[in-house]
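Input: a single structure, listed below in structure tokens.
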Amino acid sequence: LKALLPECFDTSAYDSIESLLEEKVQDKNPRIRYSAVLGLGNLGARESIEVLSKASKKENDSVILSAIRSTIELLKR
């Protein structure tokens with residue numbers, strides 16, 4: 001998504017949202033982690049693939065792990 005914005009647009013809000021979601025991928029609450037993973041996918045945050053990969057190694061919830069894997073695949077396209 002960020003790549004589609006014309007250069008004249010300020011992307012700092014996008015970067016702030018992306019950073020916040022990356023933090024929330026590590027939250028204690030599984031619903032917040034799940035929502036953060038989906039949010040990164042919806043943003044098309046390719047820069048977050050590494051964060052998601054690291055999170056997948058620590059994640060114990062099978063639903064969230066599946067969401068992480070799906071999001072990584074989506075972002076790699």
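Sequence positions, counted from 1, serve as the residue numbers for this chain. Nothing here was measured: the structure is a model prediction, and the numbers come from that model.
Counted within 6.0 Å of CG on N60, heavy atoms from surrounding residues, nucleotides or ligands total 12 or fewer; the atom is thus considered open.
Between E73 and R69 there is no salt bridge, since none of the side-chain N atoms of the basic residue sits less than 4.0 Å from a carboxylate O of the acidic one.
At distances below 3.5 Å, at least one donor-acceptor pair connects side-chain atoms of S53 with backbone N or O atoms of I49. No donor-acceptor pair under 3.5 Å is formed between the side chain of R33 and the backbone N or O of Q26.
For the atom pair CG of L65 and OH of Y34, the computed distance is 12.5 Å after rounding to the nearest 0.5 Å. Going from atom CD of E59 over to atom CD1 of I64 covers 4.5 Å, rounded to the nearest 0.5 Å. Once rounded to the nearest 0.5 Å, the distance linking CG of L20 with CG of D15 reads 12.5 Å.
By the criterion of side-chain heavy atoms lying less than 4.5 angstrom apart, applied directly or through intervening Ile, Leu, Val, Met, Phe, Trp or Tyr residues, V63 is grouped together with L40 in one hydrophobic cluster. Residues V25 and I17 are members of one and the same hydrophobic cluster, defined by side-chain heavy-atom contacts under 4.5 angstrom among Ile, Leu, Val, Met, Phe, Trp and Tyr. Cluster membership for I72 and L38, using ILVMFWY side-chain heavy atoms within less than 4.5 angstrom, is shared.
Counting heavy atoms from C-beta outward, S48 and L21 have side chains that stay 4.5 Å or more apart.
Taking every heavy atom of both residues into account, I68 and S56 meet most closely at CG2-CB, 3.8 Å. Closest approach of R31 and N29 over heavy atoms only: N-OD1, 2.8 Å. For the residue pair E18 and E47, the shortest heavy atom distance occurs at OE2-OE1, 3.2 Å.
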